[in-house]
A.B. asks: 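Encoded as structure tokens, here's the structure I'll be asking about.
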Amino acid sequence: MMPSFVQSLWTALWQDAPLVQAPFFLIGIASLMLWPGDLLIPRDQKRRWSLFTQIILGITLYLVVVTPHRSGFSNMFRIDTMTQAFQLICTVATLATVVLSKKLLDLMNEHTVEFYTLLLFTLSGMLLLCGATDLVTLYFSIELMALPIYVLVGYFRDQERGIEAGVKYFLLGAFSSGIMIYGISLLYGATGGTTTNFEGLSTALVAAMDARGTMVTLGVLMVLVGMAFKVAVVPFHMWTPDVYDGAPTPITAFMASAPKAAAIFAFAKVFGVAFHNIPNVWTFGMEYMAAASMILGNVAALRQQSMKRMLAYSSIAHVGYMMLAILSNDPNLSIRSFSGVQSLWLYIFAYLFMNFGAFAIITFLQGKGEGERIDDFRGLSQRNPWLAFAMMLFLLSLAGIPPLIGFFSKFILFKMALERGFVVLTVIAVLTSAVSAYYYLGVINQMYFRSSTGKDSLKMDRMTGVLVSVCALMVLLGVSASGWLIDIVDKIKL
Amino acid sequence: MNALFTSIGHNLFLVFGLLACAGAAVMILSTSAVHSVLGFLFSMIMVAACFLCLSAEFLGMAQLLVYAGGIVVLFLFVVMLVELTKYKEKSLFTTQIKWSFPLVLIALGIFAYTMKSNLFDAATPVALSLSSGLAEGLSVSAQNAQMVSRGLFAGFLLPLEILSVILLVALVGALVLAKSERVS
């Protein structure tokens with residue numbers, strides 16, 4: 001007897017459920033934290049949620065690792081080693097954000113359960129986004145990822161800058177989502193309404209290109225614009241400095257790492273798989289965006305007085321470098337060749353530690369009422385030598401100076417881009433990273449060669465100390481582990 | 001006269017589509033908030049009519065209920081609650097019109113060209129019917145609501161679940177931003 005519709009639905013659901021165990025574990029726990037969890041914790045004890053969230057994220061790390069490898073949900077979702085590697089980066093970044101936030105929320109007296117649940121919700125969106133293999137899943141995962149971040153950016157409601165940043169981010173995010181879904185619907189229409197699956201599109205779009213070329217072109221370009229907004233590359237970067245500056249500092253650190261990692265991986269998958277066979281449509285636009293991001297990001301960072309704005313512009317430049325990796329997915333190799341994404345993973349892995357280390361120090365200084373301006377770093381080496389040394393490591397690594405991990409990841413990325421024949425872009429990348437050394441060294445100059453004017457020494461609290469030390473060790477010793485890292489990256493395959 | 005009516009009858013989709021565009025134009029161009037919302041309402045109803053012309057009854061009804069019924073009424077409430085007479089400066093609404101006008105025209109041209117050259121076949125007997133390559137996949141089943149539910153709960157189950165979480169997050173987010181006091 002044929003199984004009924006409901007029966008077959010149930011069987012399929014039961015089979016596919018383990019694929020999404022990590023994100024749906026997060027969603028379930030977050031919902032339970034809102035109700036009834038929040039009723040159980042007395043009003044003055046809300047800070048306990050921080051530790052609880054850290055434990056939950058630890059369990060999530062485990063769940064991500066043990067997720068089985070296959071695709072499911074009518075080919076809309078797929079877990080493989082590459083997906084897991086990016087999911088791990090997102091989870092670790094969220095964990096670091098929770099650790100970083102505790103001090104600030106204590107200080108501002110703003111501990112609520114919602115802060116932590118929103119972080120868990122946005123993480124679940126990222127985990128889903130990493131595994132998405134269909135434009136529809138991709139779109140909804142991006143929305144689930146972005147929506148809690150809009151709220152978190154404006155979390156401190158009495159700070160006007162934060163609210164302005166939240167509203168700006170929300171409006172531009174909604175706008176770019178609109179552009180992207182229009183592009184997706186055009187592509188769906190161009191293939192005759194048959195598929196939105198990445199693998200399906202890679203063949204269907206070639207056929208559609210002959211019959212309905214302008215429609216495919218317009219759709220691909222609109223998806224490109226939508227994704228470019230999400231990862232903030234020039235010329236769709238306008239929101240970045242304001243939002244990074246206005247958001248609470250731990251959230252800024254979060255935005256520069258976790259959502260960016262997930263969105264860039266999705267970017268690489270859409271253009272590496274779905275639009276893989278029609279490279280002529282988008283290669284030029286992406287090359288232009290990569291070059292413009294590298295140049296404008298680094299040049300604009302030169303003039304910044306605010307530390308967070310400087311790091312915002314530098315993150316635009318770093319995304320420009322990452323675009324090189326997306327471009328380096330060789331279209332002539334087989335569809336499974338993902339070497340570009342491997343170097344992308346390595347780059348984001350290194351960026352995670354440098355970024356979180358630097359932002360942890362800024363958050364710590366902000367707790368003392370400083371750290372907003374680059375001038376505030378004046379004479380830091382006298383006030384706390386270890387902190388200044390760690391900050392120097394992070395900044396040198398961001399600039400890509402050997403023997404730190406930032407150099408290693410940048411070297412591999414540039415080498416691969418060169419092998420793929422992007423000579424002009426690689427030359428631009430090398431030149432602009434030389435420019436970037438100037439503003440990073442400017443901060444180091446402030447810390448070591450200017451004297452602080454009558455400020456007393458700083459004592460680090462335990463959690464910041466641990467976070468900064470771990471990041472500094474990774475940045476410092478990363479290269480000695482390079483052989484080991486390359487081995488890991490080799491294992492990361494679809 | 002009869003021929004005119006017949007041709008209008010065949011091109012109802014086009015008529016409603018143009019009316020929807022007109023509503024959108026009113027929404028953007030009028031400087032009074034109430035007129036803007038009414039233009040939006042008109043545009044949404046016309047889009048619902050477009051869906052009905054394509055025999056997508058479920059989508060048409062959902063469009064009417066959700067947009068025309070729910071969202072526009074909400075907009076009207078907001079417009080009435082917020083005292084907009086304070087923001088009478090016209091310059092607030094017209095600052096970028098010089099640049100945006102040609103840009104909108106260019107975009108309109110591109111989209112019109114794309115639609116015309118890709119969606120419709122000149123060869124089909126009835127004007128403005130979909131070209132044969134597209135008609136197959138986009139053909140609408142006779143039992144529309146049933147097909148929609150099959151799509152939602154079988155083919156697109158995961159996006160549907162994600163969507164439900166998005167709604168929950170929107171609720172929590174609104175609560176976080178609007179709650180009057182936080183824990184001390």
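Order of the sequence lines sets the chain letters (A, B, ...), proteins ahead of strands, with each chain counted from 1.
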A.B. asks: Side chain, backbone, both or neither: which part of A:Thr214 has a non-hydrogen atom closer than 4.5 Å to chain B?
C.D. replies: both
A.B. asks: Heavy-atom cut-off 4.5 Å, strictly under: side chain, backbone, both or neither for A:Val20 against chain B?
C.D. replies: side chain
A.B. asks: With a 4.5 angstrom heavy-atom cut-off, which part of A:Ser141 approaches chain B: side chain, backbone, both or neither?
C.D. replies: both
A.B. asks: Nearest 0.5 Å, please: how far is CZ in A:Phe73 from CD in A:Gln15?
C.D. replies: 11.0 Å
A.B. asks: Please look at A:Leu144 and chain B and tell me whether the side chain, the backbone, both or neither of the residue comes under 4.5 angstrom of a heavy atom of that chain.
C.D. replies: both
A.B. asks: Select all residues of residues 118-133 of chain A having any heavy atom within less than 4.5 Å of some heavy atom of chain B, and report them by number, or 'none'.
C.D. replies: A:Leu118, A:Phe121, A:Leu128
A.B. asks: Is it the backbone or the side chain of A:Leu152 that comes under 4.5 Å from a heavy atom of chain B, or both, or neither?
C.D. replies: neither
A.B. asks: Mind listing the closest non-hydrogen atom pair of A:Arg47 and A:Lys102 along with its distance?
C.D. replies: O-CE, 4.2 Å
A.B. asks: Can you name the nearest heavy-atom pair linking B:Glu57 to B:Leu52, along with the distance?
C.D. replies: CA-CD2, 3.9 Å
A.B. asks: So, do A:Asp16 and A:Arg70 sit near enough that their side-chain heavy atoms are less than 4.5 Å apart?
C.D. replies: yes
A.B. asks: Check whether A:Phe24 gets within reach of chain B through its side chain, its backbone, both or neither, counting any heavy atom under 4.5 Å.
C.D. replies: side chain
A.B. asks: On a heavy-atom basis, which atom in A:Thr53 and which in A:Trp49 lie closest, and how many Å separate them?
C.D. replies: OG1-O, 2.5 Å
A.B. asks: Tell me, side chain or backbone of A:Leu34 under 4.5 Å from chain B's heavy atoms, or both, or neither?
C.D. replies: side chain
A.B. asks: Would you mind checking which part of A:Met222 comes under 4.5 Å of any heavy atom in chain B, side chain (CB onward), backbone (N, CA, C, O), both or neither?
C.D. replies: side chain
A.B. asks: Using non-hydrogen atoms only, which part of B:Leu168 is less than 4.5 Å away from chain A: side chain, backbone, both, or neither?
C.D. replies: side chain
A.B. asks: Select, from A:Asn75, A:Thr217, A:Val151, the one with the greatest count of heavy-atom pairs under 4.5 Å involving chain B.
C.D. replies: A:Val151
A.B. asks: Have A:Tyr155 and A:Thr112 got a donor and an acceptor in their side chains that come within less than 3.5 Å?
C.D. replies: yes
A.B. asks: When only pairs under 4.5 Å are counted, which of A:Val216, A:Leu9, A:Thr117 shares the most heavy-atom pairs with chain B?
C.D. replies: A:Leu9
A.B. asks: Non-hydrogen contacts under 4.5 angstrom with chain B: give the residues of residues 161-186 of chain A involved, or none if there are none.
C.D. replies: A:Tyr182, A:Leu186
A.B. asks: Parallel, tilted or perpendicular: which one describes the rings of A:Trp14 and A:Trp10, with boundaries at 30° and 60°?
C.D. replies: parallel
A.B. asks: Looking at every non-hydrogen atom in both residues, tell me the closest pair between B:Val47 and B:Ala20 and how far apart they are.
C.D. replies: CG2-CB, 4.0 Å
